[in-house]
Number of protein chains: 2
Amino acid sequence: MSSAAVVGTKGVPRAEREEQIIAVAIDEFAVRGYAGASMVVIARRAGISKPLVYQYFGSKDGLYLTCLHHVAGALLERLELAQLQEDDSVASRVRTLQAVFEALAPQRSAWQLLYDSSMPAAGEIADAARGYQARTAALAASGSERFLRSRGLGSALDASALSAVWMGLVNSLVAWWLAHPDESAEDMTQRCYRLVGAVLG
Amino acid sequence: MSSAAVVGTKGVPRAEREEQIIAVAIDEFAVRGYAGASMVVIARRAGISKPLVYQYFGSKDGLYLTCLHHVAGALLERLELAQLQEDDSVASRVRTLQAVFEALAPQRSAWQLLYDSSMPAAGEIADAARGYQARTAALAASGSERFLRSRGLGSALDASALSAVWMGLVNSLVAWWLAHPDESAEDMTQRCYRLVGAVLG
DNA sequence: ACGGTAAATGACCGCAGGGTAATTAACTTC
DNA sequence: GAAGTTAATTACCCTGCGGTCATTTACCGT
């Protein structure tokens, strides 16, 4: 066995290692939550020891923050782009779902990071999370408001609630997808078309 | 001040204290999650010291278990009752929502306990939680399957996904309700009628 | 009066988990 | 090939938290 893991081995270059760690950490944070995740476990799952993680990311908060930006940055960019092509139709809503599925395809569990309730309530990562949450909420809100207005409802509270429901809907679809790893993003999109058809028809 | 909190005060009778503790604990568990919640904090928020909590509930798991039964028992009883009067109509779905709101009215945050992801994956409380989850899932599933079948779709996977979406929808409505404490259960029910009307109409 | 029991606490233990220091070995460069 | 840098580790510290013990005071039945 060459895996003696001897101290001092100049093995994997930093950038690559960081990617590995981030991938593992995203999954671990998503599954166990911020409070439940352990740095030692993350390190072990990445095949290295704890201090290296600290050397590269500084702290648990630092690592979480990095994961958050890694995940949310790409996702939001994708979603804000998709929003530009939205209209009032139902098909448009499903296309947004499609954008979510495709953006999440490389690492589905990522989604959970954005809304982890065991996150610290104050500090840098709370601010960052709130920022991303606000951006996704703004997307959902503008869509919901437009949708309701086009159907004659103008209540701000109703729009806010519909927005929350929409985000919850996305969330639950992603969660279901996580539990069914064999389904592709394309499968999910088709399924959504079917279901929407059934509910509305 | 009489709140010297002297040791030995035979103050509040056990049953009453347990209620106080449970109320605080449900909220704390709901907000911070199982992993994030601290027994000391729960004790302090209940106005007592940690050992008393242990004397009454044995362990963190014991306390969580008690909270879980406290919450889920009443809720499921209510929901299973409501299911008996369900049919294929949309109004029927909203009535189920109404049952949820009314059952949750005394302590809205309770809902989060059922699906806390930072819960231990094995052991008594995991079993109990899975049991309750299975019962709620069964409710949602039977409703979803009937709904889809009445509209010509028979895929088991589709039904499973719709069931997940339905539960997510309930979840997000409850979460929104939590963030808007001024809204009554009745308000929420009316709001749901309006929104469903807008989406379907 | 008085012994038993119930309510309640401060002080402690052990461990897990975040975080750090000191050190080692491989590559790079001149 | 010496010097510096980089990947990596072991061993440790400290705080916070789950959990326990011994003890104290108030009430209740006899």
Side-chain angles (χ1 to χ4, degrees), chain A residues 1-22 24-25 28-29 31-67 118-121 123-125, chain B residues 1-22 24-25 28-29 32-67 118-125:
Chain A
M1 289 310 209
S2 71
S3 73
V6 196
V7 49
T9 303
K10 172 157 186 180
V12 182
R14 174 162 186 162
E16 194 176 331
R17 257 291 130 81
E18 282 183 346
E19 287 298 320
Q20 297 174 359
I21 298 173
I22 290 174
V24 168
E28 201 71 14
F29 280 133
V31 172
R32 324 252 176 216
Y34 173 89
S38 151
M39 296 294 275
V40 200
V41 171
I42 291 174
R44 257 206 293 269
R45 270 194 49 186
I48 55 173
S49 67
K50 191 176 53 163
L52 195 60
V53 181
Y54 278 89
Q55 196 171 320
Y56 287 169
F57 298 95
S59 66
K60 189 180 190 178
D61 286 25
L63 178 58
Y64 193 89
L65 207 56
T66 305
C67 293
S118 73
M119 214 173 2
E124 198 178 349
I125 84 178
Chain B
M1 287 315 201
S2 70
S3 72
V6 196
V7 50
T9 303
K10 174 157 184 179
V12 183
R14 174 161 188 164
E16 194 176 333
R17 258 290 131 79
E18 281 184 346
E19 287 299 318
Q20 296 173 0
I21 299 173
I22 289 174
V24 168
E28 202 70 15
F29 280 133
R32 324 252 177 220
Y34 173 91
S38 149
M39 295 294 274
V40 200
V41 172
I42 291 174
R44 258 205 293 270
R45 269 194 53 187
I48 54 172
S49 67
K50 192 176 50 161
L52 195 60
V53 181
Y54 278 88
Q55 195 171 321
Y56 287 170
F57 298 96
S59 66
K60 189 179 189 178
D61 286 25
L63 179 58
Y64 194 88
L65 207 57
T66 304
C67 293
S118 73
M119 217 174 359
E124 198 178 351
I125 83 177

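In what follows, every chain begins at residue 1, and chains take the letters A, B, ... in the order their sequences are listed. All figures in this text were calculated on a predicted structure; none of them were measured in a lab.
- Side-chain atoms of B:Val12 and B:Gln20, non-hydrogen and from C-beta on, do get closer than 4.5 Å to each other.
- Here C:dG19 is the nucleotide among C:dG19, C:dG17, D:dG19 with the atom lying nearest to any side-chain atom of A:Lys60.
- Counting heavy atoms from C-beta outward, B:Lys60 and B:Leu63 have side chains that stay 4.5 Å or more apart.
- By the side-chain contact (heavy atoms from CB on, under 4.5 Å) test, B:Glu124 pairs with B:Leu65, sequence neighbours left out.
- In this structure, B:Arg14 atom CZ and C:dT5 atom P are separated by 15 Å, rounded to whole Å.
- At a threshold of 4.0 angstrom between heavy atoms, the contacts of A:Ser49 include nucleobase atoms, whether or not backbone atoms are also involved.
- Counting non-hydrogen atoms under 4.0 angstrom, A:Ala35 reaches nothing in the nucleic acid.
- When the side-chain nitrogen and oxygen atoms of B:Arg17 are compared with OP1 and OP2 of C:dA6, none of them lie within a distance under 4.0 Å.
- For the pair B:Glu18 CD and C:dA7 P, the computed distance is 9 Å after rounding to whole Å.
- What separates CD of A:Glu16 from P of C:dC27 is a distance of 15 Å, to the nearest Å.
- Contact annotation for A:Ala43: no contact, since no heavy-atom pair falls under 4.0 Å across all strands.
- Near DNA chain C, meaning a heavy atom under 4.0 Å away, the residues from residues 50-57 of chain A are A:Lys50, A:Pro51, A:Tyr54.
- The ring-ring contact (aromatic ring centres under 6.0 Å, His included) search around A:Tyr64 returns A:Phe29, A:Tyr34, not counting sequence neighbours.
- Atom CZ in A:Phe29 sits roughly 13 Å away from atom P in C:dG17 (whole-Å rounding).
- As rounded to whole Å, 13 Å separates atom C1' of D:dA8 from atom CD of A:Gln20.
- Listed by chain and number, the residues in a side chain to side chain donor-acceptor pair (under 3.5 Å) with B:Glu19 amount to none (sequence neighbours excluded).
- A:Glu28 places its CD atom 11 Å from the P atom of C:dG17, with the value rounded to the nearest Å.
- In this structure, the side-chain contact (heavy atoms from CB on, under 4.5 Å) partners of A:Arg14, at least two apart in sequence or on a different chain, are A:Glu18, A:Tyr56.
- Between A:Arg32 atom CZ and C:dA16 atom C1' the separation is 15 Å, expressed in whole Å.
- Listed nucleotides C:dG18, C:dA8, C:dG19 differ in distance to A:Val40; the shortest reach to its side chain belongs to C:dG18.
- Screening residues 38-54 of chain A for side-chain hydrogen bond (donor to acceptor under 3.5 Å, both in side chains), with sequence neighbours left out, gives A:Asp27-A:Arg45, A:Glu28-A:Arg45.
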